[in-house]
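Below is one structure, written out as structure tokens, with a few remarks after it.
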Protein chains: 2
Amino acid sequence: MLVLSHDSQVPLYTQLYSQIKGAILSGRFAADSRLPSVRDLARQHLISRNTVENAYLELYAEGYIYSKERSGYFVSPLSPDDVLVSPPARGAARETVQETQCLFDFHPARLDAEAFPERIWRKCLLDALHRGSRDLNHYSEAQGEGTLRGEIRKYLEQSRGVVCDIDQIVVCGGLQHGLDIVAHLLKDSRPVVAVEDPGYHLARSVFANHSLEVLPLPVLDEGLDLRALQDSRSTVAYVTPSHQFPMGCVMPIANRLKLLRWAREGGNFIIEDDYDSELRYHGRPIPSLQGLDPDGNIVYSGTFSKVLSPALRVSYLVLPHSLLPAYRRLFSDYAPSVSVLEQRALAQFMEQGHWERHVRRVRTLYRKKHDALLRALARHCGERASVIGQGAGLHVVVQLHDTAVKEEELVAAARHSGIKLFPFSTTCVNRKPEEGMVILGFGGLSIDRIEEGVALLFQSQQKRISAE
Amino acid sequence: MLVLSHDSQVPLYTQLYSQIKGAILSGRFAADSRLPSVRDLARQHLISRNTVENAYLELYAEGYIYSKERSGYFVSPLSPDDVLVSPPARGAARETVQETQCLFDFHPARLDAEAFPERIWRKCLLDALHRGSRDLNHYSEAQGEGTLRGEIRKYLEQSRGVVCDIDQIVVCGGLQHGLDIVAHLLKDSRPVVAVEDPGYHLARSVFANHSLEVLPLPVLDEGLDLRALQDSRSTVAYVTPSHQFPMGCVMPIANRLKLLRWAREGGNFIIEDDYDSELRYHGRPIPSLQGLDPDGNIVYSGTFSKVLSPALRVSYLVLPHSLLPAYRRLFSDYAPSVSVLEQRALAQFMEQGHWERHVRRVRTLYRKKHDALLRALARHCGERASVIGQGAGLHVVVQLHDTAVKEEELVAAARHSGIKLFPFSTTCVNRKPEEGMVILGFGGLSIDRIEEGVALLFQSQQKRISAE
């Protein structure tokens with residue numbers, strides 16, 4: 001910003017000139033960025049166009065700026081040594097380089113790059129804009145568009161067995177935003193939140209940021225250790241019963257009923273994170289916990305990030321009736337968190353059956369990738385490892401039998417080969433991170449790349465071992 | 001959701017039939033909604049298509065469902081008395097009725113319904129989708145897209161005098177989301193947050209929800225009462241220095257320097273909410289506080305809600321360097337909060353100069369509405385009232401000289417005439433709400449409607465007074 005003093009003895013055009021010059025030299029005005037037009041700048045500062053013209057002409061004469069016919073003036077690119085490059089520019093560049101060096105991204109939260117239904121989404125988005133542009137002048141419904149909540153309710157009932165009405169649904173900008181709300185709703189009771197260990201680290205961050213007491217409990221073959229839960233002081237359990245993250249196990253019905261009883265009898269709360277239950281490759285989908293006890297203290301959380309896109313930022317909560325009064329009290333003043341255009345596009349996408357078709361399509365797509373990963377693992381590390389948690393979702397866990405393998409070294413060696421691994425230890429708190437545990441997400445890689453990546457990963461590991 | 005038991009003695013088709021029937025009778029399956037296709041339902045439950053077909057045929061024969069050629073089966077509309085209509089449907093209907101009854105909406109956060117740049121936004125959105133659909137498979141940059149932060153930085157520097165680099169900028173889903181972050185960053189110091197009284201109620205809600213101590217301080221003619229601030233235990237001041245909400249005053253430079261000194265010397269923080277500073281109708285724009293002390297403890301908050309759209313949900317924070325370590329520590333695991341498509345559309349919108357042009361265009365538009373409102377007020381209530389805070393933004397405050405007028409009655413009488421008033425008392429905490437204070441937002445009404453609405457409002461008030 002230019003700050004001109006009308007009282008100064010320095011002529012206005014000189015003030016302008018030296019300030020723009022300073023901004024260019026310091027790198028604050030980026031190379032090749034356009035300067036405001038003479039008219040705009042004059043109007044903005046209530047000075048004459050001549051004053052601006054004079055300042056610009058001087059800068060031009062000395063080579064600080066250049067002009068393009070009918071486009072105005074632009075900042076000349078200067079040698080990097082002359083310019084105090086600002087940290088952001090360096091930061092941005094660094095990040096890009098890092099991204100391009102990664103040839104195989106086995107992160108568990110990557111989707112197929114081609115799978116987004118671009119054509120249909122464009123149509124839905126354009127319809128939303130066309131029909132709704134007059135509605136962009138005010139805040140939309142705080143809990144989310146009624147039409148979208150209606151579609152979510154219908155989908156949840158038909159596919160997930162969730163029983164609710166749309167007053168219980170809150171459209172959120174991602175799981176963490178949803179958990180933010182839940183943390184606010186629960187915190188007056190000074191809750192002790194039991195979390196799965198290993199478990200979803202993003203959820204833990206939210207609880208910790210709200211200064212809630214977080215109690216990591218072990219995960220057994222059937223999910224959260226319920227005996228440990230019962231013996232603990234926990235008053236809230238955050239669980240992923242349909243597909244435990246990261247171990248992939250399903251909580252059996254006996255345990256579900258036990259967990260529900262724990263909540264009911266103790267006046268405790270369950271947060272059911274049903275993040276990717278659409279993606280189950282064999283057998284019937286696992287119905288939600290919420291549907292087993294719709295009047296219980298269960299907060300159900302779902303997301304569009306695992307099947308549609310994690311970059312669109314749409315998720316939802318189903319709040320139990322017991323939390324609705326607190327929700328209305330605390331959040332009545334809040335504006336919604338997701339763009340109304342995106343909400344309406346999504347509502348139309350669901351209403352016209354595209355969501356249902358999309359789920360079916362990507363389920364097949366990811367099943368093929370999943371199968372390819374298992375084949376590649378069988379081929380390239382065979383007896384050296386077991387696979388845990390297959391049959392669903394976007395990742396499996398590989399347990400290497402050579403437990404002397406240090407995760408740090410494994411991840412570093414992989415990175416050296418252009419392979420990005422999401423460290424298993426990220427998901428652990430107290431649990432001693434098993435050495436040789438590897439999370440392999442397959443959503444973002446093509447079938448060929450999965451095969452290649454696994455070969456490379458286990459070759460390099462093999463080499464490392466041989467070298468020792 | 002339908003839950004079928006393969007072990008039951010009840011045939012599968014009967015289970016299906018009775019569950020669907022129950023769902024229709026209870027209203028859980030809405031009238032005219034489509035049932036899953038025979039094939040889908042069969043596949044979903046791993047049962048034969050015949051089983052589903054049989055269940056559907058039975059329901060059809062008894063009139064529970066009807067069929068449309070080549071579209072499948074739909075739920076028959078039943079008499080409302082037979083169906084347990086779910087509360088959400090009633091809620092949604094009620095809301096719509098209320099909306100249509102409002103003929104003149106003087107809410108201060110309404111924009112012009114025609115002003116949204118639909119054509120250009122469509123172009124930007126389509127470009128973002130076209131170029132970026134492959135990027136929808138992973139989380140985007142946590143603090144917001146680099147390109148958008150770059151454009152925001154440039155704009156803030158040129159138009160608001162904010163000095164920062166893009167590492168300090170966090171793209172948020174609205175002011176409240178931004179304040180949520182700030183509350184997390186500050187809360188370890190157990191801050192006492194001074195807020196303006198009257199002031200922005202939505203900000204107060206956020207602080208209160210984070211259990212921060214909120215200290216309302218009076219607003220004088222020059223904004224927040226700085227003597228009261230200095231005498232208080234406050235460690236954070238939330239202010240709207242360029243256009244106090246709702247009173248509309250500008251904090252003069254002498255006060256700004258005093259406020260900055262208060263922050264610097266006491267190690268205190270300032271949250272500068274610069275929500276609508278683009279909309280100033282006379283004289284030069286008021287530069288930001290942040291620009292006066294870029295290294296100070298100032299959190300700068302800006303939004304696209306007041307000039308572009310409140311329904312798109314995009315705002316931003318500029319964090320001071322002193323809070324960046326805490327931000328990285330607390331939020332390193334967080335996903336971004338705004339759709340990457342919208343962020344990129346906005347970045348292109350700004351980069352191509354549309355934002356600058358749009359700001360100019362709506363400034364003229366709202367200046368005309370503002371002037372029309374002042375004319376209408378002069379005509380229809382003349383000596384009976386004074387206008388406070390004109391010359392900027394999207395609202396003015398009217399002080400009726402007849403202080404016997406009760407706000408409740410005023411708002412009720414207005415509602416009776418189809419006029420929606422935002423009660424002034426909503427903005428007040430300790431301050432005794434002045435009787436006869438009226439906030440009139442003019443953004444959402446056409447010039448004709450402003451004239452009409454003001455006439456109606458003061459006629460009805462006049463009538464009420466005469467009637468007494």
Side-chain angles (χ1 to χ4, degrees), chain A residues 1 3 28 33 36 45-46 86-88 91-92 109-113 116 118 122 125-126 129 133-140 146 154 157-161 165-167 173-174 176-177 180 184 201-202 205 209 284 287 291 309-313 330 333-340 342 444, chain B residues 1 3 28 33 36 45-46 86-88 91-92 109-113 116 118 122 125-126 129 133-140 146 154 157-161 165-167 173-174 176-177 180 184 201-202 205 209 284 287 291 309-313 330 333-340 342 444:
Chain A
M1 169 112 176
V3 182
R28 279 192 295 134
S33 64
H45 291 278
L46 302 180
S86 63
R110 296 289 174 273
L111 306 191
D112 187 283
F116 186 79
E118 184 188 339
R122 185 193 307 130
L125 210 47
L126 288 182
L129 181 58
S133 83
R134 288 182 58 95
D135 292 340
L136 294 174
N137 75 326
H138 57 265
Y139 290 107
S140 58
K154 216 156 53 181
E157 174 169 302
Q158 289 178 5
S159 298
R160 306 297 309 124
D165 61 49
I166 67 167
D167 282 352
Q176 291 178 317
H177 174 237
D180 260 329
H184 278 302
H201 55 297
L202 302 191
S205 298
N209 279 354
R284 280 178 277 175
S309 161
L312 293 182
R313 314 310 300 131
L330 295 179
D333 278 348
Y334 278 54
S337 19
V338 180
S339 159
V340 72
E342 214 143 77
Chain B
M1 170 113 179
V3 182
R28 278 191 297 133
S33 63
H45 291 278
L46 303 180
S86 61
R110 295 290 173 271
L111 307 191
D112 188 282
F116 186 78
E118 184 187 338
R122 184 193 309 130
L125 211 47
L126 288 182
L129 182 58
S133 84
R134 288 182 58 94
D135 292 340
L136 294 175
N137 75 328
H138 57 267
Y139 290 107
S140 58
K154 216 156 55 180
E157 174 169 303
Q158 289 177 5
S159 298
R160 307 295 312 125
D165 61 50
I166 67 169
D167 282 353
Q176 291 176 318
H177 173 238
D180 259 330
H184 278 302
H201 56 297
L202 302 191
S205 298
N209 279 353
R284 279 178 278 174
S309 162
L312 293 182
R313 314 310 300 133
L330 296 179
D333 278 348
Y334 277 55
S337 19
V338 180
S339 159
V340 72
E342 213 143 76

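Order of the sequence lines fixes the chain letters, A, B, ..., with proteins taken first and strands second; residue numbering starts at 1 for each chain. All values derive from a computational prediction rather than experimental measurement.
Of all heavy-atom pairs spanning B:Asp333 and A:Gln176, the tightest one is O-NE2, 3.3 Å.
Note on B:His177, B:Lys154, B:Glu342: by heavy-atom pairs under 4.5 Å with chain A, the leading option is B:Glu342. The most heavy-atom pairs under 4.5 Å with chain A, out of B:Gly173, B:Ser205, B:Gly174, come from B:Ser205. The most heavy-atom pairs under 4.5 Å with chain A, out of B:Asp180, B:Val338, B:Leu312, come from B:Leu312. The choice from B:Ala109, B:Gly291, B:Pro36, B:Ser133 that makes the most heavy-atom pairs within less than 4.5 Å of chain A is B:Ser133.
Of the two parts of B:Phe116, only the side chain, counted from C-beta on, holds a non-hydrogen atom closer than 4.5 Å to a non-hydrogen atom of chain A. Contact annotation for B:Asp112: only backbone heavy atoms (N, CA, C, O) come within less than 4.5 Å of a heavy atom of chain A. Residue B:Leu129 touches chain A through both its backbone and its side chain, counting heavy-atom pairs closer than 4.5 Å. Contacts between B:Leu330 and chain A at a heavy-atom distance below 4.5 Å involve backbone atoms as well as side-chain atoms. For B:Glu118, the parts sitting under 4.5 Å from any heavy atom of chain A are the backbone and the side chain alike.
A:His138 meets the side-chain contact (heavy atoms from CB on, under 4.5 Å) test with A:Asp135, B:Arg110; sequence neighbours excluded. With sequence neighbours left out, the ring pair (Phe, Tyr, Trp, His ring centres under 6.0 Å) criterion links B:Tyr139 to no other residue.
In this structure, the side chain of B:Ser309 engages the main chain of A:Leu136 through a donor-acceptor pair within 3.5 Å. Using a distance-only test at 3.5 Å, with no hydrogens or angles considered, no donor-acceptor pair links the side chain of B:Arg160 to the main chain of B:Glu157.
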